[in-house]
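Data first, discussion second: the structure below is written as structure tokens.
All heavy atoms count here, side chains included; hydrogens, waters and symmetry mates do not. Both counts, for ligands and for their atoms, begin at 1 and track the order of listing.
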Amino acid sequence: MILNFIESAAVLIALCWLHALNMRHVQRQLLRQLLAGGLFGAICVIGMLAPLTLREGLIFDARSVVLSMAGLFGGPLVAAIAGLMAGGYRLWLGGVGVIPGLFNIVMPVLLGLAYRAACQRNWLRIGVWQLLLFGALVHLLLVLSLSLLPEKTFSQALQQVAVPVFLVLTPATLLLGLLLQDIFQQARDRQALRESEARLRAINEASPDLTLVLDEEGRYLEVMAPDPQLLYGGGVGLVGKHLADVLPVGQAERFMAFLAHTLACDSPQTLEYGMRTPSGQRVFEGRARRLDTLLQGKRAVVFIARDITDRVNFELDRRVAAIAFESQQGMLITDASTRILKVNRAFSQISGYSAAEAIGQSTQMLSSGRHGPEFYQALWQTLAETGMWEGEVWNRRKNGEVFPEWLAISAVRDERGRVSNYVASLTDISERKSAEQKIKHLAFYDALTGLPNRRLLRDRLQQAQALSRRNNQHAALVFLDLDNFKNVNDLYGHQVGDELLCQVAERLRHSLRERDTVARLGGDEFVIMLEGLEARTEEAASQVEHLGAQVLDALRQPYLAGGHRLFSSASLGVVLFNDDQHSVDELMQRADLSMYTAKAAGKNALSFYDAQMQEAVSARLQLEEDLRRGLQTGEFIVYLQPQVDQLGCLSGAEALVRWQHPRRGLLAPGAFITIAERCGLIETLDMQVLGAACALLAQWAQQPYSAGLSLSVNLSARLLYRTDFVDAVQQTLRHSGANPQLLKLELTESLLLTDMDEAIVRMQTLRDMGIRFSIDDFGTGYSSMAYLQQLPLDQLKIDQSFTRELPDNPSSLAIVRAIIALAHSLKLEVLAEGVETQTQRDSLLNNGCLHYQGYFYGRPMAVADFAASDLLRFRQNEAVSEA
Ligand code: C2E
Ligand code: CA
Ligand code: CA
């Protein structure tokens with residue numbers, strides 16, 4: 001019986017071995033199962049060939065063990081084949097034990113399959129105890145199945161076989177189960193390994209990355225490169241070489257350090273490095289992980305390197321673009337349908353919209369509504385044609401404010417040439433614009449009243465001329481001069497004068513039509529331009545007359561300025577035009593002339609230009625021309641009018657200019673001074689006179705009888721506002737060698753009022769040099785004590801209008817007395833002009849005025865006449881007799 005069991009064990013080991021071979025080498029599943037079924041079946045048959053035969057037809061063998069394991073490990077097909085083979089053979093053997101014998105085949109198969117099913121459902125496991133219990137169950141049932149035998153045989157079998165069968169076959173089941181379990185486990189492991197290797201290979205081949213396995217000494221164990229270009233030097237025959245053999249020294253050292261570091265760490269390590277490859281310098285990102293097992297007895301790492309050159313470049317580009325995007329300019333990116341995709345900070349600052357508010361919106365949210373559809377049409381057309389548009393656009397900020405910006409739009413196209421995006425940069429130019437506006441305003445508008453100035457008026461006048469010709473309509477140019485405005489200035493000061501001018505401007509604006517232009521030329525001169533008047537001259541004239549009357553009326557109303565209730569009126573001069581035949585200057589001159597006619601006609605009046613004026617205009621133009629020439633050719637000469645003291649002795653003279661006109665003969669100042677002032681020639685004229693006067697003084701100094709004579713020179717106060725005036729006087733004095741003490745400069749009071757401080761500084765400088773100052777025509781202006789006290793003065797000249805009416809006119813006498821008293825109190829010399837009679841002189845003397853000038857003593861005379869005059873001869877005689 002023992003021998004029987006050894007035999008069975010050998011057969012089972014053979015089964016295991018054959019089964020293992022089948023599992024390893026047969027790949028096709030069905031074939032493997034058929035073979036396995038045949039194998040299990042054959043083993044059962046072999047077992048039945050050499051059984052433990054209790055009596056004829058009653059055999060015991062290990063088929064229950066084999067078949068139960070076939071069910072458990074092989075599954076239904078294997079178990080069915082094995083069962084059928086075993087069952088067939090058992091039937092063929094026949095005998096008393098056929099029934100339990102067949103039961104002994106079906107039962108282990110079914111139990112084995114049931115165990116298998118339970119394991120698949122995870123109800124049971126295949127372990128030592130489980131297999132032992134399973135074996136015990138199978139063989140308990142086997143023993144119980146003996147009861148199917150006839151009574152006698154059953155009891156014999158029970159006595160002889162039951163215990164050995166149970167005790168031997170149960171552990172045999174365990175043993176076979178464990179062996180098969182191991183075989184199956186191995187097969188499963190092999191399969192898993194094959195699968196994972198295949199997977200790994202596929203992953204490696206599908207990946208663009210480079211995979212290396214390196215041992216701790218830096219030897220290449222494995223190289224997997226989808227593109228050999230990624231490897232240093234093309235990566236030919238790398239396996240087996242060392243890093244140091246392949247890479248440059250520095251690079252190899254860096255890698256070795258990285259290897260050592262990775263080996264020391266549990267987690268994957270990364271390294272970024274650059275490398276020259278056959279396709280140029282590239283940047284790689286390497287990731288390495290230590291292997292958990294030894295390879296060829298050495299520690300190793302897997303190193304995966306990825307070419308990140310493109311990413312690095314892209315990142316760099318992106319960063320550069322981001323910095324560029326965040327520039328001072330507002331930037332805006334839209335899609336092709338102008339929906340905003342991205343904005344920068346400057347955009348938010350300019351527009352007031354945060355990025356969150358702007359993104360997703362249409363650019364229409366910025367539209368100001370100031371541009372018509374044609375504007376945008378042109379914009380889109382240019383963009384479509386050239387891919388660019390640039391220009392000034394009015395947009396609207398979030399707070400509703402409309403502002404000008406400089407906008408540049410570029411279209412971005414995709415590979416197929418379709419517009420994918422628009423990139424716009426915008427600069428807020430509202431500050432620049434307002435500066436521009438301001439400059440324009442300064443250049444074209446009067447600072448005080450805000451009215452258009454002369455330049456703008458000329459411009460509009462030109463346009464009006466062209467327009468009136470085209471429309472066959474009349475237009476009118478009206479010169480307006482305030483009557484006696486000078487008085488307001490003099491009496492109340494400039495601030496009040498300015499206030500009055502502003503009010504005049506306001507009234508003019510109100511009393512005229514929208515389309516008319518009111519301009520200020522300066523001072524109290526305004527110009528009105530009326531357009532769109534009737535075609536017929538008479539009707540146009542009456543229209544102007546009507547409007548003119550309105551203006552005069554408006555200006556006559558009382559003003560309230562600086563707390564004073566003031567009255568003013570104006571004189572208007574009109575010129576009508578309906579073509580552009582006359583120049584702008586001609587029109588202006590004509591209107592100006594008409595205005596003087598109005599003034600002459602008694603002020604607060606309106607006067608039209610007529611043909612006679614043409615002559616006056618031409619005459620004046622001619623005069624200007626002559627003046628210019630005369631100044632160059634020395635046509636201006638000096639006449640002298642004597643000045644005497646209370647004893648009638650000559651004390652000096654006043655230099656009075658005369659014009660030796662080539663055609664018109666000798667002209668007195670009244671014929672040209674005003675024009676010289678108007679056309680800016682007065683300064684030159686005065687300096688010429690001053691030069692002549694100084695030359696005279698120097699000449700007089702030669703003779704003892706004339707050496708002490710003073711000389712008064714009339715000066716336009718405009719000279720005092722010239723920065724170079726002091727130098728010019730100094731130079732003249734030096735040049736001539738005249739004694740400044742004997743030079744007296746005459747100024748009129750009113751002209752001194754504008755910006756007095758500056759004038760005073762200059763006067764003071766001149767006075768420090770010894771030059772004396774006199775106020776001419778004193779009493780006709782509005783001089784106040786305060787003002788006189790500030791000026792460095794030496795003399796007051798009583799105006800001839802007061803002298804003329806002495807002594808009978810009591811008011812003149814009162815004024816003269818007051819002037820004399822004032823002069824005395826200010827310690828100023830006082831001289832009376834226009835003394836024509838002895839009575840006048842006596843009256844003046846009686847009131848304390850000791851200096852005189854007038855026809856009574858002598859008319860203005862040529863220098864030669866002066867030298868030969870009695871007054872001078874008298875001094876000469878005196879000097880001789882003194883000597
Ligand atoms: P003014 O400074 O008041 O000069 C006195 C004027 O009165 C002179 O007129 C003189 O001829 C005139 N006159 C003198 N005595 C008598 C008299 O007894 N009876 C009358 N009826 N008249 C008398 P003239 O020379 O025609 O000068 C007129 C004005 O022209 C001057 O008035 C002065 O303001 C200005 N003027 C003269 N020469 C110059 C000059 O070189 N430069 C400047 N800026 N103005 C000058
Ligand atoms: Ca004078
Ligand atoms: Ca005078």
Inset, instruction - May I ask you to say whether K797 pairs ionically with E746, meaning some side-chain N is under 4.0 Å from a carboxylate O? - result: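 Here K797 pairs with E746 in a salt bridge, since their nearest N and O are under 4.0 Å apart.
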
Legend entry - Short N-O contact, K744 and E829, less than 4.0 angstrom: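 E829 and K744: salt-bridged.
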
Inset, instruction - Look at the rings of Y852 and Y857 and say which category their plane angle falls in: under 30° parallel, 30 to 60° tilted, over 60° perpendicular. - result: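 Y852 and Y857: parallel rings.
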
Closest to [atom] among [options] (heavy-atom distance):
atom	options	value
atom 23 (C) of ligand 1	Y852, Y855, Y857, F672	Y855
atom 25 (O) of ligand 1	R658, R718, E836	R658
atom 41 (O) of ligand 1	T803, T837, D776, V689	V689

Inset, instruction - Measure the OG1-CZ distance between T765 and F725 for me, rounded to the nearest 0.5 Å. - result: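 Reported to 0.5 Å precision, the distance equals 10.5 Å.
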
Inset, instruction - Round to 10° and report the angle made at the Ca ion (ligand 2) by OD1 of N714 and OD2 of D776. - result: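 That angle is 80°.
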
For ligand 1, does [X] get within less than 4.0 Å through its side chain, its backbone, both, or neither, judged by non-hydrogen atoms?
X	answer
V713	neither
R804	neither
E654	side chain
D799	neither
K797	neither

Inset, instruction - Please check if any side-chain donor atom of S569 sits under 3.5 Å from a side-chain acceptor atom of D483, or the reverse. - result: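 The answer is yes; a qualifying pair exists.
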
Legend entry - Donor-acceptor side-chain pairing of D842 and Q838 below 3.5 angstrom: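 Indeed, the side chains of D842 and Q838 share at least one donor-acceptor pair under 3.5 Å.
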
Legend entry - Any N/O pair Q853/ligand 1 closer than 3.5 Å: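 No; the residue has no nitrogen or oxygen that sits under 3.5 Å from a nitrogen or oxygen of the ligand.
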
Inset, instruction - Identify, by atom number and element, the atoms of ligand 1 in contact range of D777, meaning under 4.0 Å from any of its heavy atoms. - result: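 That gives atoms 3 (O) of ligand 1.
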
Inset, instruction - Would you mind running through ligand 1 and noting each atom that sits below 4.0 Å from a heavy atom of G854? - result: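 Checking each atom against G854, I get 15 (N), 18 (O).
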
Legend entry - R458: salt bridge (charged side-chain N to carboxylate O under 4.0 Å, His left out) partners, not counting sequence neighbours: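 If we apply the salt bridge (charged side-chain N to carboxylate O under 4.0 Å, His left out) test to R458, skipping adjacent residues, the hits are D585.
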
Legend entry - Of all N/O/S atoms in E654, the name of the one nearest the Ca ion (ligand 2):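 Result: OE2.
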
Inset, instruction - Provide the atom name of the closest N, O or S atom of E746 relative to the Ca ion (ligand 2). - result: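 For E746, the N, O or S atom at the smallest distance from the Ca ion (ligand 2) is OE1.
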
Inset, instruction - For P860 and ligand 1, answer yes if some heavy atom of the residue is under 4.0 Å from a ligand atom, otherwise no. - result: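 Distance cut 4.0 Å: P860 passes for ligand 1.
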
Legend entry - Min side-chain heavy-atom separation S774-L747 under 4.5 Å: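 They are not in side-chain contact.
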
Legend entry - Heavy-atom pair with the smallest gap, counting every atom of A655 and V638: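 Taking every non-hydrogen atom into account, CB-CG1, 3.6 Å.
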
Legend entry - Whether R520 side chain and E525 backbone form a donor-acceptor pair below 3.5 Å: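 Checking the backbone N and O of E525 against the side chain of R520, no donor-acceptor pair under 3.5 Å is found.
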
